Amino acid sequence: MGSFAHVVGGERFVFDDLKDLLAKASPLRSGDQLAGVAAETDAQRAAAQIALADVPLTVFLAEQIVPYESDEVTRLIIDTHDKVAFKAVSHLTVGGFRDWLLSDQTTSEVLTKLAPGLTPEMVAAVSKIMRAQDLVLVARKCRVVSKFRNTIGLEGRMATRLQPNHPTDDTAGIAASIVDGLLYGNGDAVIGINPATDSIGQVMSLVEMLDAIINRYEIPTQSCILTHVTTTIEAINRGAPVDLVFQSIAGTEAANRSFGIDLKILQEGYEAGLSLKRGTVGDNVMYFETGQGSALSANAHHGADQQTIETRAYAVARKFKPLLINTVVGFIGPEYLYDGRQIVRAGLEDHFCGKLLGLPMGCDICYTNHAEADQNDMDVLLTMLGVAGISFIMGIPGSDDVMLNYQTTSFHDALYLRRVLGLKPAPEFEAWLKAQEIFAEGDQVRLATDVPRAFRRAIAAE
Amino acid sequence: MADSDKGVTIANPWTHLRRHTPARIALGRTGVSLPTSEHLAFQLAHARARSAVHHALDLTKLAQDLSRFGPVVEVHSAAPDRPTYLQRPDLGRRLSPVSAAKLAAEVKGPFDVTYVVADGLSAYAIEKNILPFLETMLPLSDKSGWSRAPLIVAGQGRVALGDEIGAIVGAKLVVMLIGERPGLSSPDSLGIYLTYNPKPGLTDADRNCISNVRADGLTYAQAAYKLHYLATEAVRRKLSGVNLKDDAEALPKSDGASAGNFLLDGPKS
């Protein structure tokens with residue numbers, strides 16, 4: 001394992017190994033400072049980026065950030081690496097890879113073929129030497145399509161997760177937020193509830209309720225209860241009508257263990273979801289969430305920077321062909337991403353890295369009340385991710401999650417993005433919105449003014 | 001609503017559904033955007049939630065208030081102040097050396113359970129909820145015959161601080177009662193974490209969590225019922241965390257909460 005060095009203005013900067021070089025090249029964020037791995041000066045960071053640009057991509061196959069012997073995520077990355085796909089870029093350095101990604105010759109088709117040939121560490125490395133506009137431009141070229149009861153990720157479209165959380169899982173309270181979301185045109189990615197408590201009885205009744213609503217109103221979408229994968233497996237064993245199997249994942253074996261999971265448990269969840277055969281247009285049955293800082297939070301980061309570890313989580317996701325995966329970028333708090341500036345950068349990195357690795361990447365564009373961020377920062381990230389072609393975002397009443405206590409994008413925010421960028425929902429869901437007269441006919445997204453017929457009785461009876 | 005809103009803003013005819021949820025539904029719209037009044041109401045709520053994060057818990061007064069339940073010991077985490085606490089969660093997860101020594105000297109186990117009360121990210125959560133919750137919970141706990149360590153009051157604490165405290169006092173179970181991070185509509189929510197055989201270095205997978213305990217959230221009776229159930233099972237099965245499922249059925253809801261679901265009741269339209 002060799003060290004890396006770069007001389008700037010007579011000063012020689014030395015980096016211990018690839019892990020150290022990646023950490024020092026990472027744009028500044030509080031989590032890397034907390035871990036003690038961040039560059040100490042801007043000059044050291046710039047030198048690290050220049051040194052990183054000279055590293056051949058093949059080095060990432062030879063030198064591991066987290067040891068192969070002791071980490072199953074590393075073994076997954078190395079053992080499933082597609083050497084044939086990698087050939088397209090195997091002659092390049094990290095810097096050369098950036099140029100190649102941005103070049104006119106590198107089209108959507110080329111990137112789709114390349115994805116299995118890339119490792120998370122290669123993708124994380126190149127992201128560290130890219131500006132925000134580079135992250136947007138390349139991500140926009142990536143095309144990742146996934147399917148269950150509708151089609152996510154088509155060009156010119158963006159989906160939303162309708163997130164009708166309630167502090168005590170009150171069924172009418174959840175239903176009220178679902179009505180609000182549907183009538184604002186949200187919910188094609190999934191109708192997904194974070195339950196207030198992880199109880200099997202509660203999960204069973206919520207799964208059944210969402211299934212009944214989707215059936216009754218014939219909504220071309222899928223449901224998910226965001227509970228631990230072992231709880232979902234138990235619910236499936238008890239006969240619950242589960243659409244998507246959820247789990248939070250991270251980029252090291254130890255961090256996943258802190259979530260109470262490993263690859264074997266995820267495989268069991270994946271197979272349990274597939275066994276129900278509830279998808280109508282496809283069989284992508286998994287929904288994953290990630291976020292920079294979760295490995296450090298569990299003291300399971302192996303001295304690596306948080307963005308590299310985050311990208312390794314996408315290798316875990318990739319194995320199980322998810323319908324949806326999103327980074328919950330500002331959720332974990334200011335000790336990992338301090339302010340709006342750091343959250344915006346991390347959101348763009350995560351989306352780029354996920355897309356390049358071939359994942360249907362979304363983003364929970366969010367912040368907590370103890371971070372130095374506000375709605376203006378979220379508008380910036382929302383707009384940039386819209387331009388970058390994000391697969392889906394969250395949708396919640398008035399940006400306020402009354403269960404999880406943080407702020408994410410609202411139903412209105414999704415409509416804003418559709419309006420300014422001309423983005424449509426998933427085609428099956430769009431057709432339903434028009435048939436229900438929730439969206440007015442026409443090319444531009446416009447809400448109808450009357451309450452749709454199908455919902456009139458339910459709302460009036462209240 | 002400002003006069004300028006009239007004519008262009010569109011109200012949503014389902015404002016009556018707000019009685020079911022504190023969520024910000026039926027906000028109306030101008031074009032596809034928030035009306036001015038709703039936009040500015042959000043700005044005010046955000047300002048208030050920010051102030052909850054920085055409000056300090058008066059530990060001495062809290063210790064006095066809690067003395068009705070028995071002896072109380074006051075400790076501090078290794079984070080000396082709020083700015084450090086926010087940026088160094090590692091310090092909030094362990095005791096200051098002074099507090100660790102004090103606890104070891106003053107509290108001698110073994111105990112079945114120790115209850116720890118910490119400010120976390122919202123002192124409001126403790127100020128508003130801790131007395132009524134303990135009044136409900138402690139009789140249940142004592143009735144089960146569990147020996148109880150003195151109540152521990154902790155300043156600048158994070159969840160994992162409870163594990164170190166539990167290990168020092170020699171408790172089989174630690175119950176961490178802590179202020180959750182403030183939400184826009186709920187700056188005063190109490191979180192409860194349960195660990196069996198607590199010791200430093202455990203992770204979230206080793207704990208069970210009950211959240212949103214407050215007057216308008218999970219009621220004190222419901223939270224105490226769940227905690228008592230989980231604690232009983234943890235002792236019986238000698239474990240906590242993801243392998244201990246919360247099979248406790250929810251208590252019957254109090255008045256005002258809905259049993260049905262208007263989207264599914266009645267004939268299909």
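Values in this document were obtained by computation on a predicted structure and should not be read as measured data. Lettering of chains follows the sequences in order, A, B, ..., and the numbering in each one begins at 1. Side-chain atoms are counted along with the backbone in the values below, which use heavy atoms only and exclude waters and symmetry mates.
- No part of A:S30 comes within reach of chain B, as not one of its non-hydrogen atoms sits under 4.5 angstrom from that chain.
- Minimum interatomic distance between A:S399 and B:F42 (heavy atoms only, all atoms of both residues): CB-CE1, 3.8 Å.
- Of the listed residues (A:Y336, A:Y338, A:F331), the greatest number of heavy-atom pairs within a distance under 4.5 Å of chain B belongs to A:F331.
- Residue B:E38 does not touch chain A at all, counting heavy-atom pairs closer than 4.5 Å.
- When every heavy atom of B:T21 is checked against every heavy atom of A:H166, the shortest pair comes out as OG1-CD2, 3.6 Å.
- In this structure, the side chains of A:S410 and B:R24 stay at 4.5 Å or more apart for every pair of heavy atoms.
- Atoms CZ and CZ, on A:F411 and B:R29 in that order, are 14.0 Å from each other to the nearest 0.5 Å.
- In this structure, chain B has a heavy atom under 4.5 Å from the side chain of A:Q375, while its backbone stays farther away.
- Top candidate by heavy-atom pairs under 4.5 Å with chain B, chosen from A:F259, A:Y184, A:Y416, is A:Y184.
- Note that the OG atom of B:S189 and the CG atom of A:L404 stand 10.5 Å from one another [nearest 0.5 Å].
- Between A:I174 atom CD1 and B:L263 atom CG the span is 11.5 Å, to the nearest 0.5 Å.
- The heavy-atom pair separating A:P167 from B:R214 by the smallest distance is CG-NH2, 4.0 Å.
- Judged purely by atom type and a 3.5 angstrom limit, A:H370 has no side-chain atom pairing as donor or acceptor with the backbone of B:P182.
- Counting all heavy atoms, side chain and backbone alike, B:D265 lies closest to A:R216 at O-NH2, 3.8 Å.
- Of all the heavy atoms in B:I25 and A:A176, the pair that sits closest is CD1-CB, 3.9 Å.
- Rounding to the nearest 0.5 angstrom, the gap separating the CG atom in B:L86 from the CD atom in A:E372 is 9.0 Å.
- Annotation: A:R446, atom CZ; neighbour count of heavy atoms from other residues, nucleotides and ligands within 6.0 Å does not exceed 12.
- Residue B:R93 touches chain A through its side chain alone, counting heavy-atom pairs closer than 4.5 Å.
- The OH atom of B:Y85 sits 8.5 Å away from atom CD of A:E335, with the distance rounded to the nearest 0.5 Å.
- Interface remark: B:L184 contributes backbone and side-chain atoms alike to the contact with chain A (heavy atom separation under 4.5 Å).
- If you measure heavy-atom distances from A:A300 to chain B, you find no contacts under 4.5 Å at all.
- Rounding to the nearest 0.5 Å places OG of B:S185 at 14.0 Å from CE of A:M403.
- Identified by a heavy-atom distance below 4.5 Å to chain A, the contributing residues of residues 196-207 of chain B are B:T203, B:D204, B:A205, in residue-number order.
- For the pair B:H46 and A:N369, the minimum side-chain heavy-atom distance is below 4.5 Å.
- In terms of heavy-atom pairs under 4.5 Å with chain B, the best-connected choice from A:I178, A:L183, A:D374, A:T230 is A:L183.
- The choice from B:H54, B:Q43, B:Q87 that makes the most heavy-atom pairs within less than 4.5 Å of chain A is B:Q87.
- Among the candidates B:N12, B:D216, B:L27, B:N243, the residue making the largest number of heavy-atom pairs closer than 4.5 Å to chain A is B:N12.
- Note: B:L34 leads B:D90, B:L34, B:L218 in heavy-atom pairs under 4.5 Å with chain A.
- Top candidate by heavy-atom pairs under 4.5 Å with chain A, chosen from B:G217, B:A49, B:S186, B:P89, is B:P89.
- Taking the side chain as every heavy atom from C-beta outward, B:N261 and A:I213 approach each other to under 4.5 Å.
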As a quick check of understanding, evaluate side-chain contact (heavy atoms from CB on, under 4.5 Å) for A:V445 and B:V32, giving each step before the final call. CA-CA 9 Å; A:V445 163; B:V32 296; 5.5 Å; no
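- Across A:A212, A:G260, A:A175, the residue that shares the most heavy-atom pairs under 4.5 angstrom with chain B is A:A175.
- Heavy-atom minimum distance, A:V451 versus B:P13: CG2-CG, 3.2 Å.
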